[in-house]
Amino acid sequence: MITLNINGKEQQLDVPDDMPILWALRDVAHLTGTKFGCGMAQCGACTVHLDGQAIRSCITPISAAAGKNITTIEDMQNDKVGQAVQAAWGEIDVVQCGYCQSGQIMSATALLTTNKKPTDADIDAAMSGNICRCGTYPRIRAAIHNAASKLA
Amino acid sequence: MNAPLKNTPLNISRRTFIKAGALVVGGLVIAFTIPHAKRFLMPGSVAETAPDAAKLPAPNAFLRIGTDNTITVMLAHSEMGQSIWTTLPMLIAEELDADWSKIKVEHASAAPEYVHTAYGLQITGGSSTTWSEFDRYRQAGALTRALLISAAAEKLGASADSLKTENGYVISGDNKISYGDLAEAAAKLETPKTITLKEPKDWKIIGKATKRLDGPEKINGTAIFGQDIQFDGLMTAMVARSPVIGGTVKTFDATAAKQIKGVRQVVQVSTGVAVIADNYWAAKTGREALKVDWNLGENASLDSKALLAEYKKLAATTGLIAAKAGDNKSAMAKTNQFVEAEYALPYLAHAPMEPLNCSVKIEKDICEIWTGTQMQGTDQLAAAKILGLKPEQVKIHTVFLGGGFGRRANPQADFVSEAVQVAKAAGVPVKTVWSREDDVKGGYYRPMFVHKAKIALDTNGMPSAWEHVAVGQSIMLGTPFEAFQIKDGVDATSVEGTADSPYLKNIPNYQISLHTAKTKIPVLWWRSVGHSHTAFVMESLIDELAHTAKKDPLEYRRALLKDHPRHLAALNLAAEKADWNKPLAKGVFRGIAVHESFGSFVAQIAEVSVNEGEVKVHRMVSAIDCGLAVNPDSLKAQMESSVSFGLGAAMQSEITFKDGMVEQSNFHDYQVMRMGNMPKVEVYIVQSTEKMGGVGEPGLPPVAPAVTNAIFAATGKRIRTLPIGNQLA
Ligand code: FES
Ligand code: FES
């Protein structure tokens, strides 16, 4: 039994220590907004925040989350930056198949939380770990700039 | 498709439309099927076994009006990113004068009503959804509107002619009645004999950039994909499959696997051994502990390098003739100016963002399947066959597809069949989940192709004879489409873009031939199908010809395409927007390509620099003539998407085989487009009233050649093998 804080709520999960956060969230806590894309930190679909930091939950064991706060896409509506990012995503109509977008939004929110006015190069650096097979990259870039201007 | 821009009254026969209002309580349901005559019918398909659709009960429908004024649109096709979740409702809402804010959308189940209007089975592919549904969905809207007007006329004692509709209401002078209030009465009325569609000039929704209806749920994480299916009792299964293509299980030892906490069962199926567990992590850990001894079979020495060498040898000989005119031999004897070149393109994986998965629950005489599929038609038949059920006893719940690109339309129903087998063997509901490694290694690739061409130029530098041989596997062989697509041994999808090339029309002598390789590697359509290799070859060759003739590549194409106005329209718009004749910044070079596929015409102009062997694509200017653009913004999104998908593949993607095994496994060694490499994309739409074409794929084929033609302009090096990789280093 491990005690976790997920989206501001304490929760006890009966999972092995080595289970990645991704599967504890999806299969045990039934929070399916966080996606599985590669399982080896290559695609970013599984991105969540651990104490505010963007991490790849597919390779991070649940034991690493003990005593820390996990934040997922399901809670972005309660995050000031997350809200702006989601609004920008809607305004630019970023999504296509949508499967990568939880991860994109989590990465973009983490970026804008520490960097209020990212340059294109900052966006390349922060977002290149998030694959979008639908190629929504130009709109993601535009939406990040849009969210940044909203937050300014 | 019928010409889209005429509004002739349509005759509505009982065979064409079934109004199924009586079957639902509290609303109006519109269902209809189309006559079979003009369709290709898949043998044994639901549509064939149920020829008289009018006699069928209509459990499904195209649109449902609730008494609460909601209008639910049922999609006969699958949403996989291309935005039909919005485009098809736009067609209905236009004719219905619906309140857009009241529109809800659902995927339809697998049923005869939803058979593709041109392909004869339920499928999403070939960039065909919008044009193939343009009439049917508008008719559904118009028919419903007519019924609502009749119901209002009865209720108000007014003549139907005196009533109009707007934003979800029937209006009579100062009176208005909502559609929801009329739905029940409308459901009891006779279907009108004719309906008239709106004139294009009266369109309020069609042609207007419209926001995606699936946007919000895909932004807040609540959208449900196949991976997200969860219900009580559903287990997760992972299948250990042969490392070598086509291998089979000799023996297996599940002792260690069963000791993993959460592993419940281990069962053998035709594709391998399935580990069934409480969750993904347990299934994966269990599968790692499983010991399987494989019969590697006949492909154990298969090697793609050796295969490529074999293809190249074959390419030196004439294959089966796909297109021919004049006399190449004597024409070639008359000149001494030639372009001779050999091109090669690799196997490619689709690698949709969402790894394959399929949830199956089997009860006594019903099987329920939840999956993201592009081809409910074949999936339903395959599942029914495995279980000894009738097709209609298999219920398919289509959920959002986390990308498809062709991989989720499998004529063998591979991932669905396997899941059904696992659920059957296990006796419990299961969700089979593929890891990314399973997806990359597990088959169904864009086939490797080699093209060899020898082209003679006349004294004006124009082609006078064109000899062209292609070598590659057929994607249609052994599928239900074989009879339809393979004629005299030539798979039409292997030579689309070459045999029917507009360039050949002005060349007096040509011969296009094909060797269909009999390799056992499972192959499948991959976004833009045959055009994904033929456009690269044709547009590179044209560029080679232009340079040999010392002519501007744009002018050269204009001359060759002078009788092809839609090619020219795309070409000219792209050239104008890219300022073709103005110099670029130092070190940046342009390349151009134009190609028709899926009924649309796309030109791409790439701006590229090459520094120390590293290729950087700065900007892509895309122009498309697809006829009417129903939703210009989603069209643009599809063009951006095509640039990303096509450019990623051209730059880096490649599947290779050694000892019968795929050498790549995940995104670290099967590289795709990422943010840092994505160019700026500008999309321009030709204002066109020509026949409608597709938009999901046509943007892709000209991407790679535009880029490699720009690389040639920059470096003088002709890229004839994809991916570009580090060929310039
Ligand atoms: S699933 Fe974690 S990075 Fe891909
Ligand atoms: S929207 Fe489909 S993978 Fe990004």
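These numbers were taken from a predicted model, which means no experiment stands behind them. Order of the sequence lines fixes the chain letters, A, B, ..., with proteins taken first and strands second; residue numbering starts at 1 for each chain.
- With a 4.5 angstrom heavy-atom cutoff, A:Thr136 does not touch chain B via any of its atoms.
- In terms of heavy atoms, B:Ile219 sits closest to A:Gln86 at O-NE2, 3.1 Å.
- Within a 6.0 Å radius of CD in A:Gln53, no more than 12 heavy atoms belonging to other residues, nucleotides or ligands are found.
- Within 6.0 Å of the NZ atom in B:Lys616, the count of heavy atoms belonging to other residues, nucleotides or ligands exceeds 12.
- Between A:Ile131 and B:Phe667, some side-chain heavy-atom pair lies under the 4.5 Å cut-off.
- Scanning all heavy atoms of the two residues, the minimum distance from A:Tyr137 to B:Met678 falls at CB-CG, 3.7 Å.
- At a threshold of 4.0 Å, the pair B:Asp228-A:Lys35 counts as salt-bridged, since one of the basic side-chain nitrogens sits closer than that to a carboxylate oxygen.
- Heavy-atom distances place both the backbone and the side chain of A:Met19 under 4.5 Å from chain B.
- The candidate with the highest count of non-hydrogen atom pairs below 4.5 Å against chain B, out of A:Thr34, A:Asn130, A:Asp124, A:Val15, is A:Asp124.
- Interface remark: B:Thr210 contributes backbone atoms only to the contact with chain A (heavy atom separation under 4.5 Å).
- Shown here for A:Trp23 and B:Trp281, the closest heavy-atom pair between the two residues is CD1-CE3, 3.9 Å.
- Counting heavy-atom neighbours within 6.0 Å of A:Lys68 NZ, excluding the residue itself, gives a total of 12 or less.
- Note: A:Cys97 leads A:Cys97, A:Ala41, A:Ser102, A:Ala45 in heavy-atom pairs under 4.5 Å with chain B.
- For the residue pair B:Ala637 and A:Gln96, the shortest heavy atom distance occurs at O-NE2, 3.1 Å.
- Put simply, the side chain of A:Ser128 gets close to the backbone of B:Gly676: a donor and an acceptor are under 3.5 Å apart.
- Listed options A:Leu22, A:Ile73, A:Val94 were ranked by heavy-atom pairs under 4.5 angstrom with chain B; first place goes to A:Ile73.
- With chain A as the partner, the residue from B:Ser644, B:Ser641, B:Gly221 showing the most heavy-atom pairs under 4.5 Å is B:Ser641.
- Contact check on A:Arg139 versus B:Asp633 returns a salt bridge, with a Lys/Arg side-chain nitrogen under 4.0 Å from an Asp/Glu carboxylate oxygen.
- In terms of heavy-atom proximity, B:Val681 sits nearest to A:Pro138 at CG2-CG, 4.4 Å.
- Two residues are said to be in side-chain contact when any heavy atoms from C-beta on lie closer than 4.5 Å; A:Phe36 and B:Pro355 meet this criterion.
- B:Met353 contributes atom CE, which lies 8.0 Å from atom OH of A:Tyr99 (distance to the nearest 0.5 angstrom).
- In this structure, no portion of B:Ala282 lies under 4.5 Å from any heavy atom of chain A.
- Between the side chain of B:Asn279 and the main chain of A:Asp27, no donor-acceptor pair closer than 3.5 Å is present.
- Atom SG of A:Cys43 is separated from atom CZ of B:Arg436 by 7.0 Å, given to the nearest 0.5 angstrom.
- Per-residue counts of heavy-atom pairs under 4.5 Å with chain B were compared for A:Ala125, A:Ala121, A:Gly90, A:Gly82; the largest is that of A:Gly90.
- Using a 4.5 Å cut-off between heavy atoms, B:Tyr280 touches chain A through backbone and side chain atoms alike.
- Ranked by heavy-atom pairs under 4.5 Å with chain A, the list B:Gln227, B:Lys211, B:Met675 is led by B:Met675.
- For A:Asp120, no part sits under 4.5 Å from any heavy atom of chain B, backbone or side chain.
- Applying the side-chain contact (heavy atoms from CB on, under 4.5 Å) criterion to B:Lys441, with sequence neighbours excluded, gives B:Val662, B:Ser665.
- Interface check for chain B: of the options A:Ala24, A:Pro20, A:Gly129, the most heavy-atom pairs under 4.5 Å are formed by A:Pro20.
- Here the SG-CZ distance, from A:Cys134 to B:Phe645, works out to 8.5 Å after rounding to the nearest 0.5 Å.
- For a residue to count as touching a neighbouring chain, one of its non-hydrogen atoms must lie under 4.5 Å from one of that chain's; by this rule B:Glu437 touches chain A with the side chain only.
- For a residue to count as touching a neighbouring chain, one of its non-hydrogen atoms must lie under 4.5 Å from one of that chain's; by this rule B:Gln230 touches chain A with the side chain only.
- To the nearest 0.5 Å, the span separating CE on B:Met80 from CZ on A:Arg133 amounts to 13.5 Å.
- Residues that satisfy the side-chain contact (heavy atoms from CB on, under 4.5 Å) test with B:Val105, not counting sequence neighbours, are B:Leu75, B:Trp85, B:Pro89, B:Ile103, B:Leu213.
- Atom CD of A:Glu74 is separated from atom OG1 of B:Thr222 by 8.5 Å, given to the nearest 0.5 angstrom.
- One distance of note links NE2 of B:His668 with SG of A:Cys38; it measures 10.0 Å at 0.5 Å rounding.
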